[in-house]
Q: 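I'd like to ask some things about the structure below.
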Amino acid sequence: MAELHELSAVELRGSLRNGDVSAAHVAAHFLARIEQRNPLLGAFITVTADQAMAEARAADARRSCTAREELPVLHGMPLAFKDLTDVAGVVTTHGSAALEHKPAPADAPLVALMKDAGVVCLGKTQVPEFGLTAYSENRIAPPSRNPHAPSRSSGGSSGGSAAAVAAGLLPFAPGTDGGGSVRIPAAACGLVGLKPGRGLVPAGESQGDPARLVVPGPLARSAADAALLLDAMVPGGGYLRAIGQEPPRLRIGVTLDSPWSGTYPFTPEREALDALEAGERLLAHAGHAIADAAVRYDNRYPEAFTTAWTAGVGAARISPQREALLAPLTRTFRRRAQQRSPAKLAEALAFLRKFQQDTVAQYAQWDLMLMPALAQTPRPVGWFTGTAHGGDRWPATQWPGDADGDYRRQCEFAPWSSMVNVCGLPAITVPVHWTGSAPGQGLPMGIQLVGQPGSELLLLQVAHQLGF
């Protein structure tokens, strides 16, 4: 008989709704998993065990007097939130030593939505400082490590959540994605990661996000599990019910073009190209038409995106005496954001709106766009920053101050992510390839499929069709 953490989220949800297992038993099981494995993985910053057990017992009490069909969609399901998202009564660190860590006074919209759906919150997961980077390392807690190779990063900024799901510490998890923050860690950890289109999920956080880049989305071990979580994010969406429907034959354009390549020229690693080829084979076998697609990007994109992406950190309330506690990348981009004129930000936002129009028009020639999820295999812990805590040394003795080198390495690692946020389009990453001799061996590598507006269900159906 499978253990609870080995069940899919869909199966676990069914067991909870049927009364085969209690929410308290499920919460206790996953809390024990976290206690056992988190010291190695660093997936959680905060574990709220007492609160979780109280919520689970309350869920069991509700079930005893509620008809099955009237239970909320995620009745009793254990969940955790990345530590950029406020959970009432729990400290939100934002991954920063420069902030005073106080309990949040109220739930963020995403948390309120999930609680209405019936979840039990187990805690807060590891993030980079202010969610700025494609790796989840900071100065307040051990780095989040990849369950498939603990010397490697789990990605970012939803890296702790991805590590927790991949290691069976959670059945699935919500992330937020402003430049790849769901899709990058999903790809690094061998998960399905869905970034919904702009405006679909009514829980995005707009503070410090003038370009409206950030949207919540699911991290899951399968497309069906992702569909279940999306059903809670979009009440009445019906994604799980419809995921098994066969998608139509699609025209899929394949590209390696990136808006970052003019500023940061890069060469995809062989493993990234292997993943792309694996994805092409699977899609062609499923009956879809695959053809090369050339995409033209304006070379002013990197500067404009960086201006919009870092605007929020410039406005963050940090006392002057604590500025030195910021990581070098955060401190550098905060200083530049504060020195930038409002007119410069407005110019960048206007450019990104035009970029969106031009790019969406090019993508519209195809039903879906296909590209690698990442240009490189998951990087070693400390690789982006040049720090020495890849082994047992944490905290690092010092953080080198090469913020621009750090940022460049991130852009070369994940060059196909951020433009999807700028365009407001839905996209999904699917783990189609492993670097070892058999599936599940070595490191995961994936593909990204970018859809037209409103194509979230189609993306989930295609991932499900491919066997994920």
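Only heavy atoms go into these numbers, but all of them, side chains included; no hydrogens, no water, no symmetry mates.
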Q: With side chains defined as the heavy atoms from C-beta onward, is the minimum distance between Leu219 and Ser158 less than 4.5 Å?
A: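 In short, these two side chains touch, coming nearer than 4.5 Å.
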
Q: If we ignore hydrogens and angles and just use 3.5 Å, is the side chain of Asp225 paired with the main-chain N or O of Ala9 as donor and acceptor?
A: yes

Q: For the residue pair Lys82 and Ser161, confirm or rule out a side-chain donor-acceptor distance under 3.5 Å.
A: no

Q: Take atom CD of Glu35 as the centre, draw a 6.0 Å sphere, and report whether it contains more than 12 heavy atoms from other residues, nucleotides or ligands.
A: no

Q: Which of these passes side-chain hydrogen bond (donor to acceptor under 3.5 Å, both in side chains) with Asn421: Gln356, Arg183, Arg198?
A: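 For Asn421, the side-chain hydrogen bond (donor to acceptor under 3.5 Å, both in side chains) check succeeds only for Arg183.
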
Q: Check whether any side-chain heavy atom of Tyr264 sits under 4.5 Å from a side-chain heavy atom of Ser258, and report yes or no.
A: no

Q: For residues Tyr297 and Trp416, establish whether the separation of their ring centroids is below 6.0 Å.
A: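 Distance test on ring centres: not under 6.0 Å, no.
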
Q: Please report whether the ring centroid of Tyr407 lies less than 6.0 Å from that of Phe333.
A: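 Yes: the rings meet the under 6.0 Å criterion.
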
Q: Give a yes or no on whether Glu303 atom CD has more than 12 heavy-atom contacts from other residues, nucleotides or ligands under 6.0 Å away.
A: no

Q: Assess the side chains of Ser15 and Arg17: does a donor N or O sit below 3.5 Å from an acceptor N or O?
A: no

Q: Holding to side-chain hydrogen bond (donor to acceptor under 3.5 Å, both in side chains), I want the full list of residues that pass it with Ser417, two or more places apart in sequence or in another chain.
A: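 In terms of side-chain hydrogen bond (donor to acceptor under 3.5 Å, both in side chains), with neighbours along the sequence ignored, Ser417 is linked to no residue.
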
Q: For the side chain of Ser96 and the backbone of Glu129, is there at least one donor-acceptor N/O pair under 3.5 Å apart?
A: no

Q: Does the plane of the ring in Tyr301 sit parallel, tilted or perpendicular to the ring in Trp260? Use 30° and 60° as the thresholds.
A: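 Perpendicular.
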
Q: Do the charged groups of Arg221 and Glu11 touch, with an N to O distance under 4.0 Å?
A: no

Q: Aromatic rings Trp309 and Phe305: how do their planes relate, parallel, tilted or perpendicular, breaks at 30° and 60°?
A: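 Rings of Trp309 and Phe305: parallel, under 30°.
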
